[in-house]
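Right, one structure below, let's go through it.
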Amino acid sequence: MSNFVITIARQYGSGGREIGLRVGEMLGVEAYGRELINMAAQKSGYSEDVLNLADEKHPSSLLYTLAMGSTLYGMPNIRYDSPINDKLFAVQSDIIRGIAEKENAVFIGRCADYALRNTGSILRVYVYAPTEKRIARISDRNQISASEAKDLIEKTDKRRSNYYNYYTGNKWGKYDNYDIMLDSSVMGIEGSAKLIADAARIKFGLN
């Protein structure tokens with residue numbers, strides 16, 4: 001049997017990252033998320049700090065443009081032949097495909113479902129939760145007010161949606177782009193992870 005992969009797209013504050021990590025532990029496989037930034041930095045030669053600014057942002061992002069204009073090389077308004085966002089997306093996608101060829105894995109975010117769209121053994125998951133649950137989670141985790149948490153959630157989800165839609169041509173969070181749509185508030189982190197792990201065992205014929 002070929003290697004299997006699980007991709008997890010997630011609303012901000014839904015616990016998708018924690019669920020992905022737990023799924024990896026349950027199945028005894030590596031889970032990759034922000035680690036891909038470090039791997040992309042090593043492969044591309046760009047600094048990790050610069051790539052963090054471009055992470056999950058598409059080239060027309062005003063925040064990205066302002067940040068890069070004032071940060072890269074310390075010089076404002078530098079023009080590039082190809083946006084670093086595009087380069088990061090290409091490098092990360094190449095790394096994701098390379099990992100999938102060598103091992104079973106869980107990928108969190110980074111348009112992994114699209115990068116692996118031609119992979120046969122794949123389980124595509126989208127994790128979401130009611131807004132009030134996410135506000136409470138982010139407010140508690142980041143020690144910020146509910147209004148600040150709500151604003152952060154809206155901005156992060158919009159950024160992720162724009163990034164995904166821009167690079168894939170698909171719609172982020174649209175049900176027919178995924179195999180499982182999961183409300184993490186129903187069973188919590190542990191229960192949600194177990195549901196995904198059990199689904200993977202059934203789909204991939206794991207013991």
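For the atom pair NZ of K194 and CE of M26, the computed distance is 7.5 Å after rounding to the nearest 0.5 Å. Here D151 contributes atom CG and I138 contributes atom CD1; the two are 12.5 Å apart, rounded to the nearest 0.5 Å. Rounded to the nearest 0.5 Å, atoms CD (E18) and CZ (R141) are 6.0 Å apart. Taking CD of E30 as the reference point, atom CG of L21 lies at 9.0 Å (rounded to 0.5 Å). Rounding to the nearest 0.5 angstrom, the gap separating the NZ atom in K155 from the OH atom in Y12 is 12.0 Å. Rounding to the nearest 0.5 Å gives a distance of 8.0 Å between OG of S185 and CD of E132.
The shortest heavy-atom contact between A100 and V5 is CB-CG1, 3.7 Å. R134 and A129 make their closest contact through NE-O, 3.2 Å (heavy atoms, listed as atom of the first residue, atom of the second, distance). Here the shortest heavy-atom pairing between I96 and A115 reads CG2-CB, 4.3 Å. In plain terms, the two heavy atoms of A40 and L88 that are nearest each other are CB-CD1, 3.8 Å. The two atoms that bring N3 and E103 nearest to each other are ND2-N, 3.1 Å, heavy atoms only. Nearest heavy-atom pair across I19 and S192 is CD1-CB, 3.6 Å.
Taking the side chain to side chain donor-acceptor pair (under 3.5 Å) definition, one finds that R97 meets it with nothing, sequence neighbours left out. Residues passing the side chain to side chain donor-acceptor pair (under 3.5 Å) test with D140: none are found, sequence neighbours excluded.
Between the side chain of S161 and the main chain of D157, no donor-acceptor pair closer than 3.5 Å is present. Of the possible donor and acceptor atoms, one in the side chain of S184 sits under 3.5 Å from a partner among the backbone N and O of S14. At distances below 3.5 Å, not a single donor-acceptor pair connects side-chain atoms of E35 with backbone N or O atoms of Y32.
L182 and I8 fall within a single hydrophobic cluster, where Ile, Leu, Val, Met, Phe, Trp and Tyr are joined by side-chain heavy atoms under 4.5 Å apart, directly or via other members. Both I122 and L36 are assigned to one and the same hydrophobic cluster, defined by single-linkage of ILVMFWY side chains at heavy-atom distances under 4.5 Å. Placement of L123 and F107 in two distinct hydrophobic clusters is found when ILVMFWY residues are connected by side-chain heavy-atom separations under 4.5 Å, directly or transitively. Cluster annotation: V127 and L27 are assigned to the same hydrophobic cluster (Ile/Leu/Val/Met/Phe/Trp/Tyr, side-chain heavy-atom contacts under 4.5 Å, transitive). Hydrophobic cluster membership differs between F4 and L116, with clusters built from Ile, Leu, Val, Met, Phe, Trp and Tyr side chains linked at under 4.5 angstrom.
Think of M181 as one node in a network of Ile, Leu, Val, Met, Phe, Trp and Tyr side chains linked at under 4.5 Å; its network also takes in Y126, Y128, Y164, W172, Y175, Y178.
By the neighbour-count criterion of 12 heavy atoms within 6.0 Å, atom NZ of K133 is sparsely surrounded, having that number or fewer from other residues, nucleotides or ligands. More than 12 heavy-atom neighbours from other residues, nucleotides or ligands sit within 6.0 angstrom of NZ on K43.
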(message) Before you tell me yes or no, could you show the steps for R201 and D198 under side chain to side chain contact (heavy atoms under 4.5 Å, CB included), namely the whole-Å CA-CA distance, both residues' side-chain angles and the distance that decides it to 0.1 Å?
(response) CA-CA 5 Å; R201 292 186 180 102; D198 286 346; 2.8 Å; yes
(request) Determine, stepwise, if the pair F89 / Y166 fulfils side chain to side chain contact (heavy atoms under 4.5 Å, CB included). (result) CA-CA 11 Å; F89 177 78; Y166 179 87; over 6 Å; no
(request) I would like to know whether E148 and L152 meet side chain to side chain contact (heavy atoms under 4.5 Å, CB included); could you show each step before the answer? (result) CA-CA 6 Å; E148 290 173 317; L152 182 57; over 6 Å; no
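A side chain to side chain contact (heavy atoms under 4.5 Å, CB included) with V106 holds for exactly one of I196, T7, V29; it is V29. Each of N177, D179, D113 was evaluated against R124; a single residue qualifies, D179, per the side chain to side chain donor-acceptor pair (under 3.5 Å) test.
No cation-pi contact links R160 to Y163, judged by a cut-off of 6.0 Å to the six-membered ring centre and 45° from its axis.
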